[in-house]
Amino acid sequence: MGYEFKNIEEKWEKVWEENKTYKTDAYDFSKPKFYILDMFPYPSAVGLHVGHVEGYTATDALSRMKRAQGFNVLHPIGYDAFGLPAEQFAIKNNKNPSIYTDQNIDNFRTQLKRLGFSYDWDREIKTTDPDYYKWTQYIFLKMYDKGLAYEDYRLVNWCPALGTVLANEEVIDGKSERGGFPVERRPMKQWVLKITAYGDKLLEGLPTINWPASTLTMQKNWIGRSEGTVCVFDVKNSDKKVEVFTTRADTLFGCTYVVLAPEHPLVKELTTPECQAAVDEYQKEVASKSDLERTDGSKEKTGVFIGSYAINPINGKEVKIYIGDYVLATYGSGAVMAVPTHDQRDYEFAVKHNIDMLQVIEGDCSKSAYEGDGKHINSDFANGMNNQEAKKAITEKLIELGKGRYQVNFKLRDWLFSRQRYWGEPIPVVHMDDGTTKPVPYSQLPLELPELDDYKPTGDGQPPLSKATQWLNTTLDGQHGLRETNTMPQWAGSSWYYARYIDPHNKEAIGDKKLLDHWLPVDVYVGGAEHAVLHLLYARFWHKFLHDEGIFSSSEPFQKLFHQGLILGSDGQKMSKSLGNTVSPDDVIAEFGADALRFYEMFKGPVDQSMPWSNDGPRAAKTFLDRVYRLYADENYRQLWSEEDNKDLDFVYNATIKKCTEDFEILHFNTGLAQIMVLVNELYKAKSLPKKMLLGLAQLLAPVVPHLAEELYNLLGFEGLIDFVAWPSVNEAALDAKPVVYAIQVNGKLKGTIEFKKDASEEELEDLKKQALALDRVVATLEGHEVKKIIVVKNKIVSIVMK
RNA sequence: GCCCGGGUGGCGAAAUCGGUAGACGCGUUGGAUUUAAAAUCCAAUGGACUAAUCAUCCGUGCCGGUUCAAGUCCGGCUCCGGGCACCA
């Protein structure tokens, strides 16, 4: 018979709720602070996923341990509630998406409470709340004031048949996901945030934060800072100039053609009449391709000659100008100098179009480009130099000729910030009749989303808000104007939400400065690795901006970051409705209880690793928890309870405290819980059960299975809650008392073990060597051989090397 | 294609400043208890060879290297997963 999880869990959840057990007094600066945060969920209609449960349990367990360790813990939750599904609900039902959003949030909240998460529910936020997005708009205006928000033409996925702009996700192989209509890329005036202005700061901050190395590397590569040279090519019979950016100025003498992005503004002017038809056709073809397709190196490099010639500034040589889709308008200057001998993409393009090649670095370029370092040839004054020397010499020469300059370039592109959607924060600017653009005054924030009669797109590319006639027309400083009808992307609200939890009801500011200074940065942040660049980079950008504005004193938002892995279906596939392999946390809770679900998800493996769901897992967790419960509730075991110590258990008990304390801190719950199982197995064999250890065991379990831990605490005869009882401490002497086990190897193969004093001295280790050589299996193996040397690694191993 | 991870028993995994590979759990098998079953408790469990829980050999995706010693480090592959800027 197992414990009655339903009664027990609901009983304690009620106690926590009624007492507001986990309410945080943010102004209590007497204890050290600890801010633990999950990436907040998008409240979808399907409700909480077992994947959410994993990350949320990990942070909840850490929060609970930190409270017991005497920290003032901030552990809030909220909802990232703008998004596509709500908009589609609105279009379908002709109802405001807030209805759909609020229903889903109610459902999420019920589910979260039933899992026993120790959130401070008075701090709950949602990004769609005008009291929240007032400050999202405020930050946008601050950026606008600083010139970091600007309008520009950018390519969007335009579907003429649907009359709407589509998200990348809604486009599959150049066709719309709904209906399969052709999609083309067409330029549209958009708001853009100048994240590139923070390129260096975003890069410099990386070494100061405690994040997974892989994520730091991905951000570094995404920012993609490179130092290079801009070379200016004159155009033959024209006063136009083509600027190219290159990191390989050393190869300039080998340049045999120039390629512009098909969207490059000069294409129109430089295309000759005889090439016009081919260029038009090519541009049309490229319009249907995504950047991803265009930069896929496995695809054939396509392009066409546009009829004009550029003049290589270093040697005056005339070279053909092509357009090619492997050159992106958004990177560098949207044009490249092509050196087929020393760049693989150029090599492939040149082979296909039968363009000359000229080798300028010694190395083999007969089958493919030689991209390595080497001695320069065919390069006039740069002959004999290596890459670095030649780069410098050639760039200096270009500068002298007025045909070049050094330049730092980022792969990072400015952040496209407009969406042609309804369900997002309105961008608070007005386009005045006189052609100027004015920001909405701060005093008029929040600029609320108006209700619409119809949420469908207009069909001509105008966002749905352009239908809100009354809202649209406004006056500012006595002048008439039209409001901006684009809305912000979902990323906006999630770029600063972590700061709002600190002072969520503040009407005057993002938060009380004193509180923001105290609580930021977030100490531990947990969320999926799929956010490694976008969300985590945007949030860092906004944080650094607000730091520069004097609003935040810290320079990074998230000090320590953990990723949680995906939970796959039991078939090893990603969980999806269509595969029928989804698992609902509600079903698992109904059958085994919230604690069993929490325990299973923490025990099944490392939090950061993706792994399949096991249907046996939660049941096994419940079996173990029953086994624990019996020690506290079953008369047979209660009779063994003792006020006295039990020396036999000292080592394993203290080892368990140590392991759990260390492992929980770094979210390695699986190994900590495994050690708790070892302790429980020992308790089952023991002749007496010290009550002190039973209390300690309940405390160690409390972070992961809080409901059961409260119950065990009461079964031990204590009144009240276990949550704030001081975390158990390790008796190191009990750990040191035990001898260590040395492995004895001959030529790396294990021949036996010897128990020996821990941290023995050099003389004592001589004795160990003798004992090792005397082992039967060692003697047998060594027979007829000579011992060459003996290596002793303290507390670990004796390695005998024989000839 | 580019950037970043990962591959260990029948299964989830543990062990990475190089030091006893498989802790802990699932599953399986055997035993105790029971009229019986469930539940519970105890024990065994990588593979080959074996009467054997002796010994020996093999074994951490594949090929090669460094070392007294390699799951761990190095070189070259391969397969799987995440991201690629309008999904969040």
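These numbers come from a predicted model, not from an experiment. All heavy atoms count here, side chains included; hydrogens, waters and symmetry mates do not. The sequence lines fix the lettering, A, B, ..., with proteins before strands; numbering per chain opens at 1.
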With B for base contact, S for sugar-phosphate-only contact and - for none (protein heavy atoms under 4.0 Å), nucleotides 17-26 of chain B reads --BB--BBSS

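- Of the two residues near RNA chain B, A/K659 and A/K604, the one whose nearest nucleotide lies more 5' is A/K604.
- Nucleotide B/rU56 holds its C1' atom 16 Å from the CG atom of A/N747, rounded to whole Å.
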Please write out the pairs of protein N or O atoms and N or O atoms of nucleotides 44-51 of chain B separated by less than 3.5 Å, giving the distance to one decimal.
none

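- With respect to A/E591 and A/K622, no salt bridge is recorded, no charged nitrogen being found less than 4.0 Å from a carboxylate O.
- Applying the 90° criterion around 0 to the glycosidic angle, B/rG18 comes out anti.
- With A/D325 as reference, A/K289 is the one residue of A/K289, A/K301, A/R294 to meet the side chain to side chain donor-acceptor pair (under 3.5 Å) rule.
- When the side-chain nitrogen and oxygen atoms of A/K789 are compared with OP1 and OP2 of B/rU67, none of them lie within a distance under 4.0 Å.
- One atom, CD of A/E87, and another, P of B/rC87, lie 13 Å apart when rounded to the nearest Å.
- Within the nucleic acid shown, A/P606 comes within 4.0 Å of sugar-phosphate atoms alone, with no base atom in reach, counting heavy atoms only.
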Run the side-chain donor-acceptor check on residues 40-50 of chain A: report pairs under 3.5 Å with partners two or more places apart or on a different chain.
| unit_1 | atom_1 | unit_2 | atom_2 | d |
| --- | --- | --- | --- | --- |
| A/H49 | ND1 | A/G51 | N | 2.7 |

| query | Hey, mind stepping through A/F417 and A/F140 against ring pair (Phe, Tyr, Trp, His ring centres under 6.0 Å) and telling me if it holds? | reply | CA-CA 10 Å; A/F417 200 67; A/F140 175 85; 5.7 Å; yes

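- Residues passing the side chain to side chain contact (heavy atoms under 4.5 Å, CB included) test with A/V327 are A/V259, A/A261, A/V336, sequence neighbours excluded.
- Residues satisfying the salt bridge (charged side-chain N to carboxylate O under 4.0 Å, His left out) test with A/E484, not counting sequence neighbours, are none.
- Rounding to whole angstrom units, CZ of residue A/R777 and C1' of B/rA55 are separated by 8 Å.
- For A/R345, no side-chain nitrogen or oxygen approaches OP1 or OP2 of B/rG1 to under 4.0 Å.
- Remark: A/E530 pairs with no residue by the side chain to side chain contact (heavy atoms under 4.5 Å, CB included) rule, at least two apart or across chains.
- One atom, CE of A/M611, and another, C1' of B/rA14, lie 12 Å apart when rounded to the nearest Å.
- Scored by the side-chain hydrogen bond (donor to acceptor under 3.5 Å, both in side chains) test, A/K126 finds A/D102 as partners (sequence neighbours excluded).
- A/F599 has its CZ atom 19 Å from the P atom of B/rG12, to the nearest Å.
- One atom, CG of A/N615, and another, P of B/rG12, lie 14 Å apart when rounded to the nearest Å.
- Taking atom C1' in both B/rA13 and B/rG25, one finds a spacing of 9 Å when rounded to whole Å.
- OP1 or OP2 of B/rU40 has not a single side-chain nitrogen or oxygen of A/R627 nearer than 4.0 Å.
- The two atoms that bring A/Y497 and A/I125 nearest to each other are O-CD1, 3.9 Å, heavy atoms only.
- Taking the C1' atom of each, B/rU67 and B/rG19 are spaced 12 Å apart, rounded to whole Å.
- Aromatic ring centroids of A/W613 and A/Y600 lie under 6.0 Å apart.
- Not counting sequence neighbours, the partners of A/K220 by the side chain to side chain contact (heavy atoms under 4.5 Å, CB included) test are A/L203, A/L206.
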Output field dot_bracket for RNA chain B (Watson-Crick or G-U, both distances under 3.5 Å, | for other-strand pairs) contains (((((((..(((......[....)))((((((.......))))))(((.......)))..(((((..]....))))))))))))....

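- Counting heavy-atom neighbours within 6.0 Å of A/K411 NZ, excluding the residue itself, gives a total of 12 or less.
- Nucleotide B/rC2 holds its C1' atom 14 Å from the CD atom of A/Q344, rounded to whole Å.
- Between the P atoms of B/rU66 and B/rU72, the separation comes to 15 Å (whole Å).
- For the C1' atom pair drawn from B/rG5 and B/rG10, the interatomic distance equals 27 Å after rounding to whole Å.
- Atom P of B/rC42 sits at a distance of 35 Å from the matching atom of B/rG61, rounded to the whole Å.
- Listed by chain and number, the residues in a salt bridge (charged side-chain N to carboxylate O under 4.0 Å, His left out) with A/D346 amount to none (sequence neighbours excluded).
- Between B/rA70 and B/rG1, the two C1' atoms lie 34 Å apart (nearest whole Å).
- Applying the side chain to side chain contact (heavy atoms under 4.5 Å, CB included) test to A/V779 and every residue at least two apart in sequence or in another chain returns nothing.
- The environment of CD in A/E635 is crowded: more than 12 heavy-atom neighbours from other residues, nucleotides or ligands sit within 6.0 Å.
- As rounded to the nearest Å, B/rC63 and B/rC4 have P atoms that lie 26 Å from one another.
- Rounded to whole Å, the separation between the P atoms of B/rU60 and B/rA21 comes to 12 Å.
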Per-nucleotide protein contact along nucleotides 74-86 of chain B, 5' to 3', at a 4.0 Å heavy-atom cut-off (B base, S sugar-phosphate only, - neither), is --------BSBBB

Set out, in order, the CA-CA distance, both residues' side-chain angles and the distance that settles ring pair (Phe, Tyr, Trp, His ring centres under 6.0 Å) for A/F562 and A/Y525, then state yes or no.
CA-CA 6 Å; A/F562 293 96; A/Y525 192 41; over 10 Å; no

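- Separating the CG atom of A/L537 from the C1' atom of B/rC3 is a distance of 14 Å, rounded to the nearest angstrom.
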